[in-house]
Protein chains: 2
Amino acid sequence: MMGGVAEDVQSPRRSGRPRRPPLDRGVIAKAALEIIDERGWAGCTMLALASRLGVRAPSLYHHIEGQDQIVDLVRGLVIEGIIDPSESGLEWREAFFAFGVSYYRAFATHPNTIQTLSTTPVRDAPTLRMYEGFLRMMSEAGWDLTRSYEAVIGLEHLALGFAYEWNAEELMLDSGLALRHGAPLLAEITRDRTEQPVIAEATFLSLLRRYIEMFALHLGVDPSEAAGFDPPSRQERT
Amino acid sequence: MMGGVAEDVQSPRRSGRPRRPPLDRGVIAKAALEIIDERGWAGCTMLALASRLGVRAPSLYHHIEGQDQIVDLVRGLVIEGIIDPSESGLEWREAFFAFGVSYYRAFATHPNTIQTLSTTPVRDAPTLRMYEGFLRMMSEAGWDLTRSYEAVIGLEHLALGFAYEWNAEELMLDSGLALRHGAPLLAEITRDRTEQPVIAEATFLSLLRRYIEMFALHLGVDPSEAAGFDPPSRQERT
DNA sequence: ACCTGAACACCGTTCAAGT
DNA sequence: ACCTGAACACCGTTCAAGT
C-alpha cells in the first residue's frame with residue numbers, strides 16, 4: 001500500500017518543481033505592496049492578492065490572521081529602507097537630516113501606502129525599532145524625550161504630506177475645478193505639475209533643514225537666547 | 001375627485017407635522033459627521049447613515065450621487081470653521097498664524113475625518129475658497145505663488161499630523177507593545193497621554209510660530225542674509 | 001500542513017414599483 | 001417628488017472537506 005510505484009513514467013524529476021513560489025508572509029507582503037503601488041490600497045482585496053499569488057482567497061488565512069496583518073507586513077516593508085539614525089555615527093543634525101530624507105524617499109516611492117499607514121496603529125517590530133533608534137540618537141545628543149518625540153512626529157507628517165501631495169495618483173487639487181469655482185490663484189499654481197516630484201523633493205529638503213534648525217534653537221525658548229548653535233544641555237551618561 | 005374631504009376627523013392639525021426632518025444634503029452631511037465623530041469613518045455606512053435619518057439606504061440616492069459626495073459634504077462642514085485669512089485684515093504673519101490655529105482646531109475637533117479628508121481629492125467649493133483665500137492673503141503681502149502654496153501644504157500636514165496624533169481614538173503607538181519589542185524610550189514617552197491634547201495644542205502653536213518664521217526668512221535663501229525681519233520684496237499692486 | 005468550494009454576513013448601488 | 005423592497009455584484013472571513 002505505502003510507497004506504490006504507480007508514478008508517471010515520463011516525469012523523472014521535472015515534476016518535482018512547484019510552478020508557484022510557496023506561500024509565506026514574505027511573499028504575501030511583497031505581492032500586497034505591488035498591488036497597492038499599482039492600483040491603490042482599495043485595489044488590494046483578498047481576492048486580488050490571492051489571485052496574484054496563484055491561490056484562492058481562503059488560503060491566505062493559513063499564513064496571516066486577517067487584513068489587519070497585511071497592514072503590518074506592508075508597513076514593515078516600506079519602513080525597511082529607512083536608515084537607523086542611531087547607527088549612523090553622524091552629528092545629531094546630520095543624522096536627523098539623513099533620517100528625514102530616507103523617510104521621505106521611502107514613502108515617496110510608495111505614495112499609495114500613506115493614507116492607510118499614516119492613520120493605523122503601529123504594531124510591527126521594524127517600525128517600533130525605527131522610532132526607538134531616532135529617540136536614542138536624540139537622547140544621546142542630549143535632547144529630552146518629549147522634545148524628541150515631538151520632533152519625529154512633526155517630521156513624519158511633514159514628510160508624508162509632501163510625499164503624498166506630489167506623488168499620489170489622484171491629485172488633491174484639480175486646476176480646472178479651481179478655476180470654475182472662482183479660485184484663479186489656486187488654479188494657476190496647480191497647473192502643469194508634470195515634473196513636480198523632483199521640485200517637491202528639493203522643497204522638502206529645504207524645509208527639513210529649516211525644521212531641524214527650528215529644533216536646534218530649542219523649541220519653546222526665546223530663539224534670541226539660544227540663537228546660533230550647538231546641542232542643548234548634554235545629559236550625563238554612565 | 002379632487003379635494004376629497006375624507007380626512008381623519010380627530011387629527012385636525014397635529015398630524016401635519018412630520019416626525020422626521022425632511023431629507024436634504026445639509027442634514028445628511030450633519031448626520032454623517034456625527035457618525036464619523038462617534039464611530040469613525042468606517043462606521044459611516046449607507047445603512048448606518050440612513051437609519052440615523054429614519055430612512056432606508058436607497059433613499060439617500062435621491063439627494064446625493066454616492067459615497068464620494070458624502071466626503072465632499074463632510075469636508076465642507078469641517079472646513080467651514082476655518083477663518084479666511086484674506087479677510088482678517090491682519091499682517092501676514094498674524095493672518096498666517098490665525099489661519100493655522102483655526103485649521104488645527106477644526107480638525108482636532110473631528111480627528112476621525114483626517115484619514116479620509118487628507119488623502120481625497122478636493123471637490124467642494126468651501127475648501128477651494130479656503131486655499132484661494134490663503135493664497136490671496138500671501139500674494140497681497142508680496143509672496144510668490146509657489147512659495148505660498150508650499151507654505152500652506154506644509155502647514156496643513158503639520159497641523160493634521162498633530163491633530164490626529166493626539167486626538168484620534170486609536171493611538172498610533174502602544175506603550176506596552178513598544179516595551180515588549182525592546183523599545184524602552186518609545187515606551188516611556190507614550191505612557192500616560194491622558195491630558196496630552198492640551199499639551200499638543202501648545203506644542204503645535206509653538207511649532208507653527210517657528211514655521212512662519214522659517215518662511216519669513218525667505219525659504220531657499222541663506223538665512224544669515226535675510227535674518228531677522230520684514231516681508232520679502234513687496235510686489236507693486238495697482 | 002495546506003489548499004479548496006461553499007457558505008455567511010455585510011457592503012454600495014440600481015431599479016421597478018409604489019404613493 | 002420621494003421612499004421602498006428586492007435584487008445584484010462584490011467584499012472579508014469561516015469552516016468542513018479534501019489531499
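Order of the sequence lines sets the chain letters (A, B, ...), proteins ahead of strands, with each chain counted from 1.
- A donor-acceptor pair shorter than 3.5 Å can be found between the side chains of B:E156 and B:Y103.
- Taking the ring-ring contact (aromatic ring centres under 6.0 Å, His included) definition, one finds that B:F134 meets it with B:F96, B:F99, sequence neighbours left out.
- The nearest whole Å value for the distance from the CG atom in A:L60 to the C1' atom in C:dT4 is 12 Å.
- Taking atom NE2 on A:H62 and atom C1' on C:dC2, their separation rounds to 5 Å, with Å as the unit.
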Between the protein and nucleotides 6-12 of chain C, list the N/O to N/O atom pairs that are separated by less than 3.5 angstrom.
from   : atom 1 : to    : atom 2 : distance (Å)
C:dG12 : OP1    : B:M46 : N      : 3.4
C:dG12 : OP1    : B:Q67 : OE1    : 2.5
C:dG12 : OP2    : B:M46 : N      : 3.0

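- When the side-chain nitrogen and oxygen atoms of A:H63 are compared with OP1 and OP2 of C:dC3, one or more of them lie within a distance under 4.0 Å.
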Please walk me through it: do B:E201 and B:Y104 pass side-chain contact (heavy atoms from CB on, under 4.5 Å)? CA-CA 8 Å; B:E201 175 159 328; B:Y104 172 84; 3.6 Å; yes
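- Of the residues A:V55, A:I64, A:V74, the one that meets the side chain to side chain contact (heavy atoms under 4.5 Å, CB included) test with A:I28 is A:I64.
- One finds a side-chain N or O of A:S59 lying less than 4.0 angstrom from the OP1 or OP2 phosphate oxygen of C:dT4.
- Taking OG of B:S51 as the reference point, atom CD1 of B:I35 lies at 7.0 Å (rounded to 0.5 Å).
- For the atom pair B:I36 CD1 and B:L117 CG, the distance stands at 7.5 Å (nearest 0.5 Å).
- Atom CG in B:L53 sits about 16 Å away from atom C1' in D:dT4, given to the nearest Å.
- When the P atom of C:dT13 is taken as reference, atom CZ of B:R56 falls 19 Å away, rounded to whole Å.
- When the nucleotides C:dC3, D:dC3, D:dT4 are ranked by their closest atom to the side chain of A:L23, C:dC3 comes out on top.
- Note on B:E80 versus B:R75: no salt bridge recorded, every NZ/NE/NH1/NH2 to OD/OE distance being 4.0 Å or above.
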Given Watson-Crick and G-U pairs under 3.5 Å, DNA chain C in dot-bracket ([ ] crossing, | other strand) is ||.|||||...|||||.||
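- As a whole-Å value, the separation of A:I64 CD1 from C:dA1 P is 19 Å.
- Going from atom CZ of B:R105 over to atom NE2 of B:H110 covers 13.5 Å, rounded to the nearest 0.5 Å.
- Atoms CG and CG, on B:L160 and A:L160 in that order, are 11.5 Å from each other to the nearest 0.5 Å.
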